[in-house]
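Here the structure is laid out as structure tokens; the discussion comes afterwards.
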Amino acid sequence: MENLSTLLGKYGDEGDKLLFKILNSGNFLEEIQNSEFKVQSSKLKIQNTEQIESGSAEVIPGCNDRLLDFRAMTPMIAEKGLRYDLTVPFARFVVQRQNELYFPFKRYQIQPVWRADRPQKGRYREFFQCDVDVIGSNSLLNEVELVQIIDEVFTCLGIRVTIHLNNRKILAGIAEAIGLPDKLTDITVAMDKLDKIGLEKVQEELAGRGIGREEIERLTPILTLEGENDEKFGILTNFLSGSETGLKGLEEMRTVLMHLKELGLNNRFNFDTSLARGLSYYTGTIFEVKAVGVTMGSICGGGRYDNLTGIFGLPGMSGVGISFGADRIYDIMNELNLFPETLKAATRVLFINFGNEEEKYCLKVLTVIRKAGIPAELYPDPVKIKKQMEYANRKNIPFVVLIGNDEMKSGLLTLKDMHSGEQEKLTLGEIIRKIDN
RNA sequence: GUGGAUGUAGCUCAGCAGGUUAGAGCGUCAGAUUGUGGAUCUGAAGGCCGUGGGUUCGAGCCCCAUCUUCCACCCCA
């Protein structure tokens with residue numbers, strides 16, 4: 001949980017709307033009852049109508065001449081909110097602990113975050129993010145390292161991905177180049193949809209967002225930019241020649257790509273000028289990772305933020321970070337059947353429970369076998385053997401040991417291989433050796 | 001925030017223009033086999049048909065409200 005003042009204004013207007021606000025504890029409504037938020041309509045008649053229409057105020061039922069102004073009321077009843085991501089709280093943390101940390105400071109963090117959004121496929125109210133950030137270094141080597149992490153993580157998980165890279169400075173440069181620096185957000189939001197809705201629809205959307213026909217035409221070569229990275233750089237260098245910011249972004253991009261090329265990554269990476277990313281605090285490189293062959297939004301994303309700590313009073317501290325969406329990754333692994341079978345069978349051997357005497361004997365054997373590093377369990381109740389065997393079968397436990405009267409007397413235990421169905425009498429040592437393979 | 005769906009057994013779903021006692025498959029439990037799993041057969045348990053109201057002689061089915069969950073858009077992880 002964070003103070004709303006920490007969270008508000010960091011994620012854009014849409015993000016502010018999606019913050020989960022937490023009601024204050026205590027009898028806050030009483031305060032509202034006597035407060036100035038109930039106002040006479042005679043004073044505010046015009047504003048009232050507007051506010052009611054815009055949804056920011058509502059007439060109190062049975063009190064025709066009074067209304068509540070929600071916008072003014074919210075800070076009074078909700079001072080805190082659930083964290084929207086891990087990056088902004090991290091920036092707050094860094095500022096508060098600035099004297100205890102050595103920089104560049106690196107950290108990872110895995111925690112739930114919340115969005116007050118309508119849930120749907122791949123989109124949850126609460127979900128886990130896994131963040132990796134480096135703060136206090138401008139070096140582009142950090143960007144390179146993060147991409148290596150992405151590559152390694154998804155290689156380990158067995159998910160094939162494409163890593164999309166872009167730079168906010170390039171986007172700013174593009175907006176500048178067509179003479180509409182103020183329309184940066186509108187342009188990028190529209191451009192971001194390119195692979196989803198196609199060129200024509202993007203052009204329509206741009207027009208709908210108040211971009212003139214001439215500007216859209218100038219933008220089109222950038223929208224349709226394809227081919228090898230070198231070609232893209234050529235065209236963009238030309239296009240951005242008037243924008244210092246844009247050229248700087250290009251240079252950064254070129255450096256990052258140059259390093260990545262030499263690393264021999266397992267997954268593909270791609271300079272993607274249509275990549276925008278919504279979070280408003282990014283200022284340099286931006287990343288987004290998509291799984292190949294599944295319909296799912298991005299499963300990892302991030303970027304560089306130059307001034308996130310500045311908002312909390314520590315300027316000049318640049319950071320770069322990424323965040324894995326654990327829930328989406330889980331969904332994909334389920335869909336692609338990537339969870340290994342061995343996960344389903346934690347136990348290697350089950351001891352059948354025959355009753356009191358046998359239990360005691362089994363517990364001792366169990367201790368020995370566990371000390372040998374073999375995950376084992378004793379069925380907790382002396383129920384029918386059939387039931388216990390069924391349990392082993394259903395849980396994919398590969399071995400079962402039966403210890404009854406005969407076995408206790410002879411010291412030779414019955415081991416059953418659930419796969420082949422064969423069973424034999426062996427000493428404990430032999431059993432351990434057999435199961436351990 | 002906008003639009004569209006959904007809710008019946010533990011799970012997946014049927015359900016006739018409104019018509020007696022609401023069904024199936026899977027699962028669970030018991031038995032055929034009292035120290036042996038996967039197969040088969042036999043039997044059983046399990047339901048305020050999301051909730052509240054209404055229409056009707058009669059509502060799982062029609063109407064209204066409400067809640068849940070899902071999907072698309074917006075936006076985004």
When all nucleic acid strands are considered with a 4.0 Å heavy-atom cut-off, which category describes [X]: base, sugar-phosphate, or nothing?
X: A:Arg83; answer: nothing
X: A:Gly122; answer: base
X: A:Lys196; answer: base
X: A:Val189; answer: sugar-phosphate
X: A:Phe324; answer: nothing

Original post:
Can a donor-acceptor pair be found between the side chains of A:Asn267 and A:Asp151 at a distance below 3.5 Å?
Top reply: yes

**OP:** For the pair A:Asp133 and A:Arg107, evaluate salt bridge (Lys or Arg N to Asp or Glu O under 4.0 Å) and give the outcome as yes or no after the intermediate values.
**Re:** CA-CA 6 Å; A:Asp133 284 80; A:Arg107 78 89 176 75; 2.9 Å; yes

In whole Å, I'd like the distance from the [atom1] atom of [X] to the [atom2] atom of [N].
X: A:Gln120; N: B:C76; atom1: CD; atom2: P; value: 14 Å
X: A:Tyr281; N: B:C76; atom1: OH; atom2: P; value: 12 Å
X: A:Ile299; N: B:C76; atom1: CD1; atom2: P; value: 18 Å
X: A:Lys17; N: B:C76; atom1: NZ; atom2: P; value: 11 Å
X: A:Lys121; N: B:A72; atom1: NZ; atom2: P; value: 7 Å
X: A:Arg125; N: B:C75; atom1: CZ; atom2: C1'; value: 16 Å
X: A:Met296; N: B:C76; atom1: CE; atom2: C1'; value: 13 Å
X: A:Leu86; N: B:C76; atom1: CG; atom2: P; value: 18 Å

Base paired to [N] (Watson-Crick or G-U; both N/O distances under 3.5 angstrom):
N: B:U21; answer: none
N: B:A39; answer: none
N: B:A5; answer: B:U69
N: B:C49; answer: none
N: B:C62; answer: B:G54
N: B:U28; answer: B:A44

Original post:
What residues form a salt bridge (charged side-chain N to carboxylate O under 4.0 Å, His left out) with A:Lys193, not counting sequence neighbours?
Top reply: A:Glu205

Original post:
Residues two or more places apart in sequence or in another chain: which of them pass side-chain contact (heavy atoms from CB on, under 4.5 Å) with A:Asp85?
Top reply: A:Tyr11, A:Thr87, A:Val88, A:Pro89, A:Arg115, A:Gln129, A:Leu279, A:Tyr281

When rounded to the nearest Å, what value does the distance between [atom1] atoms of [N] and [M] take?
N: B:A14; M: B:C26; atom1: C1'; answer: 14 Å
N: B:G27; M: B:A45; atom1: C1'; answer: 13 Å
N: B:G1; M: B:G47; atom1: C1'; answer: 38 Å
N: B:G19; M: B:C63; atom1: P; answer: 15 Å
N: B:G10; M: B:C76; atom1: C1'; answer: 36 Å
N: B:A17; M: B:G58; atom1: C1'; answer: 15 Å
N: B:G23; M: B:A9; atom1: C1'; answer: 10 Å
N: B:A59; M: B:C49; atom1: C1'; answer: 11 Å

Original post:
Per the atom types in the model, does the base of B:U69 pair as donor or acceptor with the side chain of A:Arg118 at under 3.5 Å?
Top reply: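 Donor-acceptor pair under 3.5 Å: no.
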
Original post:
Between the side chain of A:Asn166 and the main-chain N/O of A:Asp272, is any donor-acceptor distance below 3.5 Å?
Top reply: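 Indeed, once roles are kept as given, a pair shorter than 3.5 Å links the two residues.
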
Name every donor-acceptor pair, under 3.5 Å, that has one atom in a side chain of residues 353-364 of chain A and the other anywhere in the protein, sequence neighbours excluded.
{"unit_1": "A:Asn353", "atom_1": "OD1", "unit_2": "A:Gly355", "atom_2": "N", "d": "3.0"}
{"unit_1": "A:Asn353", "atom_1": "ND2", "unit_2": "A:Glu359", "atom_2": "OE2", "d": "3.0"}
{"unit_1": "A:Asn353", "atom_1": "ND2", "unit_2": "A:Tyr379", "atom_2": "O", "d": "2.9"}

Original post:
Does A:Arg168 come within less than 4.0 Å of A:Glu252, counting only side-chain N to carboxylate O?
Top reply: no

Original post:
Residues in side-chain hydrogen bond (donor to acceptor under 3.5 Å, both in side chains) with A:Asn266, at least two apart?
Top reply: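 Result, side-chain hydrogen bond (donor to acceptor under 3.5 Å, both in side chains) vs A:Asn266: A:Thr155.
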
Protein N or O to nucleotides 34-39 of chain B N or O, pairs below 3.5 Å:
{"unit_1": "B:G35", "atom_1": "O6", "unit_2": "A:Glu407", "atom_2": "OE1", "d": "3.1"}
{"unit_1": "B:G35", "atom_1": "N1", "unit_2": "A:Glu407", "atom_2": "OE1", "d": "3.2"}
{"unit_1": "B:G35", "atom_1": "N1", "unit_2": "A:Glu407", "atom_2": "OE2", "d": "3.0"}
{"unit_1": "B:G35", "atom_1": "N2", "unit_2": "A:Glu407", "atom_2": "OE2", "d": "3.2"}
{"unit_1": "B:U36", "atom_1": "O2", "unit_2": "A:Lys416", "atom_2": "NZ", "d": "2.8"}
{"unit_1": "B:U36", "atom_1": "O2", "unit_2": "A:Gln423", "atom_2": "OE1", "d": "3.3"}
{"unit_1": "B:U36", "atom_1": "N3", "unit_2": "A:Gln423", "atom_2": "OE1", "d": "2.8"}
{"unit_1": "B:U36", "atom_1": "N3", "unit_2": "A:Gln423", "atom_2": "NE2", "d": "3.2"}
{"unit_1": "B:U36", "atom_1": "O4", "unit_2": "A:Gln423", "atom_2": "NE2", "d": "2.7"}
{"unit_1": "B:G37", "atom_1": "O2'", "unit_2": "A:Asn393", "atom_2": "ND2", "d": "3.3"}
{"unit_1": "B:G37", "atom_1": "N7", "unit_2": "A:Lys416", "atom_2": "NZ", "d": "3.1"}
{"unit_1": "B:G37", "atom_1": "N1", "unit_2": "A:Met418", "atom_2": "O", "d": "2.5"}
{"unit_1": "B:G37", "atom_1": "N2", "unit_2": "A:Asn393", "atom_2": "OD1", "d": "2.7"}
{"unit_1": "B:G37", "atom_1": "N2", "unit_2": "A:Met418", "atom_2": "O", "d": "2.9"}
{"unit_1": "B:G37", "atom_1": "N3", "unit_2": "A:Asn393", "atom_2": "OD1", "d": "3.2"}
{"unit_1": "B:G38", "atom_1": "O4'", "unit_2": "A:Asn393", "atom_2": "ND2", "d": "3.1"}

Enumerate, atom names and distances included, each donor-acceptor pair closer than 3.5 Å involving a side-chain atom of residues 402-409 of chain A, sequence neighbours excluded.
{"unit_1": "A:Glu407", "atom_1": "OE1", "unit_2": "A:Gly404", "atom_2": "N", "d": "3.0"}
{"unit_1": "A:Glu407", "atom_1": "OE2", "unit_2": "A:Thr414", "atom_2": "OG1", "d": "2.5"}

